[in-house]
Each structure stands twice: as structure tokens, then as C-alpha cells.
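Notes for the one structure printed next.
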Amino acid sequence: MAVLNRIQRRCRRDAADIAAMLAELEAAVAEAGCPPARSAALLVVAEEMATNVAHHAWPAGVLPAIFIVTAGISRRGGGIEVLLSTEDDGIPFDPTLREPPDTDAPVELRGIGGLGIHLVMRMTAWQCYRREGGRNRFSVIWRCDARRG
């Protein structure tokens with residue numbers, strides 16, 4: 001597996017920082033050969049992961065609330081594989097233990113939250129959470145078959 005690119009970005013709890021990270025990630029996977037129609041799914045995953053950390057890792061008003069997003073982009077077979085990770089010093093939270101929402105229930109009967117995590121789990125090939133040294137580390141692997149478009 002050949003590593004094509006690696007991105008590491010410190011993000012604040014700020015929509016502009018998250019948007020800049022997403023733009024950098026989008027450019028990197030495009031350069032690696034992933035078609036825009038497929039990379040849109042990766043951007044949904046990355047945005048959900050970053051937004052969840054920004055909004056929920058720390059109590060309101062806690063600053064500086066800085067987290068790290070890392071993406072390792074590699075060629076795998078006929079496609080691209082992205083190891084995407086977030087790291088923060090916020091409240092311990094393991095998204096892999098979250099029960100999936102009841103997507104068959106009427107919207108008005110569903111609880112608030114959880115759909116973004118559900119999407120991340122469904123749209124990625126692998127997920128892992130670790131709490132080490134007072135830090136949350138959540139990683140996923142997302143794959144793009146560049147031949148399919």
C-alpha cells in the first residue's frame with residue numbers, strides 16, 4: 001500500500017476551521033484520483049466527525065477546544081483508502097458503543113442526535129475508538145474504488 005498524502009490539521013470549534021480542513025481533504029483525495037461523486041461521501045464522514053467533536057467534546061464555553069484531524073491517503077488495489085482520525089482532550093466518548101437510531105420510527109418519535117454517528121459507521125469500512133492519556137482518539141477507514149466513479 002503506497003501512501004500518497006498525509007494531512008494533519010489543528011481545528012478550533014469553528015465552522016471556518018472545519019470548512020478549511022474539508023477543503024484540504026477534498027483536494028488531497030481528488031489529487032489521489034478519487035472522483036468527486038465518491039469523495040462527497042468521505043466529506044460527509046469527515047464533517048460529521050469534526051462537527052461532533054467541536055460541538056460535544058467540551059462543555060459550552062470551554063476554550064481553546066482545539067482538536068486534531070489527521071488523514072492518511074493511500075493507494076489500495078484499484079482505489080484509494082483514507083485513514084481518518086480525530087483526537088481531542090474532551091469528555092470521554094466512544095462512538096462505537098452508540099446504539100444506532102431507529103430509522104424506521106416516525107421522525108417525531110425519534111430521539112435527538114445519533115444519526116451523524118450512524119452515518120459515519122455505515123459509510124466506513126472500519127472504526128476504532130481509544131482513550132489514551134486523557135485524549136479521545138476516533139479513527140475510521142473509508143475506501144474509494146476509483147474505477148467506479
Side-chain angles (χ1 to χ4, degrees), residues 1-58 64-105 107 110-133 135-149:
M1 191 164 37
V3 176
L4 304 173
N5 201 345
R6 185 172 189 278
I7 296 167
Q8 186 170 41
R9 188 172 188 94
R10 291 172 50 92
C11 292
R12 291 171 291 142
R13 202 187 218 176
D14 177 280
D17 265 11
I18 293 171
M21 176 274 296
L22 293 170
E24 187 176 353
L25 180 59
E26 182 177 27
V29 295
E31 182 180 309
C34 187
R38 285 288 298 128
S39 66
L42 173 62
L43 297 177
V44 167
V45 168
E47 182 175 24
E48 284 296 334
M49 288 173 65
T51 301
N52 281 341
V53 172
H55 291 164
H56 304 293
W58 304 273
I66 295 172
F67 59 99
I68 300 167
V69 178
T70 306
I73 303 162
S74 305
R75 179 143 341 268
R76 181 181 179 93
I80 308 301
E81 182 173 278
V82 179
L83 174 60
L84 181 65
S85 302
T86 56
E87 180 182 327
D88 65 81
D89 64 353
I91 300 163
F93 176 68
D94 183 348
T96 66
L97 298 178
R98 179 82 182 223
E99 287 292 320
D102 182 358
T103 55
D104 293 329
V107 173
R110 293 184 201 170
I112 296 174
L115 192 55
I117 293 169
H118 177 68
L119 287 172
V120 168
M121 300 306 199
R122 299 275 315 220
M123 297 171 74
T124 57
W126 173 87
Q127 308 85 29
C128 179
Y129 169 82
R130 295 182 326 270
R131 178 82 179 176
E132 294 177 341
R135 299 186 69 79
N136 295 303
R137 300 172 201 274
F138 179 53
S139 301
V140 299
I141 291 177
W142 179 86
R143 294 187 176 120
C144 170
D145 183 349
R147 298 169 295 200
R148 287 191 337 193

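Since this is a predicted model, take the numbers as computed values, not measurements.
For the pair N136 and T86, the minimum side-chain heavy-atom distance is 4.5 Å or more. A heavy-atom distance below 4.5 Å is not found between the side chains of D89 and F67. The closest side-chain heavy-atom distance from E26 to L22 is not below 4.5 Å. Proximity of C144 to P35: side-chain heavy atoms (C-beta onward) are separated by under 4.5 Å at one or more points. In this structure, M49 and T124 have side chains that are not in contact, with every pair of non-hydrogen atoms separated by 4.5 Å or more. In this structure, the side chains of T96 and M121 come closer than 4.5 Å at one or more pairs of heavy atoms. Under the 4.5 Å side-chain criterion, counting only non-hydrogen atoms from C-beta, W126 is not in contact with R143. By the 4.5 Å heavy-atom criterion applied to side chains, L42 and L84 are counted as neighbours.
Once rounded to the nearest 0.5 Å, the distance linking OG1 of T51 with CD1 of I18 reads 4.0 Å. Between the CG atom in D145 and the CZ atom in R38 there is a gap of 8.0 Å [rounded to 0.5 Å]. In this structure, CG in D88 is found 10.0 Å from CZ in R13, a value given to the nearest 0.5 Å.
In this structure, the side chain of R75 engages the main chain of A32 through a donor-acceptor pair within 3.5 Å. Panel note: side chain D94, backbone Y129; no donor-acceptor pair is recorded below 3.5 Å.
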I would like to know whether I68 and R135 meet side-chain contact (heavy atoms from CB on, under 4.5 Å); could you show each step before the answer?
-> CA-CA 11 Å; I68 300 167; R135 299 186 69 79; 4.3 Å; yes
Taking it one step at a time, do F138 and I117 satisfy side-chain contact (heavy atoms from CB on, under 4.5 Å)?
-> CA-CA 11 Å; F138 179 53; I117 293 169; over 6 Å; no
Could you please spell out the steps behind the side-chain contact (heavy atoms from CB on, under 4.5 Å) verdict for I80 and L4?
-> CA-CA 9 Å; I80 308 301; L4 304 173; 4.0 Å; yes
side-chain contact (heavy atoms from CB on, under 4.5 Å) between L83 and W142, worked out = CA-CA 7 Å; L83 174 60; W142 179 86; over 6 Å; no
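Within a 6.0 Å radius of CD in E24, more than 12 heavy atoms belonging to other residues, nucleotides or ligands are found.
The two residues I73 and L25 make their nearest non-hydrogen contact at CD1-CD1, 4.4 Å. Nearest heavy-atom pair, C11 versus M21, reported as atom, atom and distance to 0.1 Å: SG-CB, 4.0 Å. Heavy-atom minimum distance, G90 versus R131: O-NH1, 2.8 Å. Of all heavy-atom pairs between S139 and S85, the closest is OG-OG, 2.7 Å.
Screening R9, R130, R137 for a salt bridge (charged side-chain N to carboxylate O under 4.0 Å, His left out) with E87, the sole residue that qualifies is R137.
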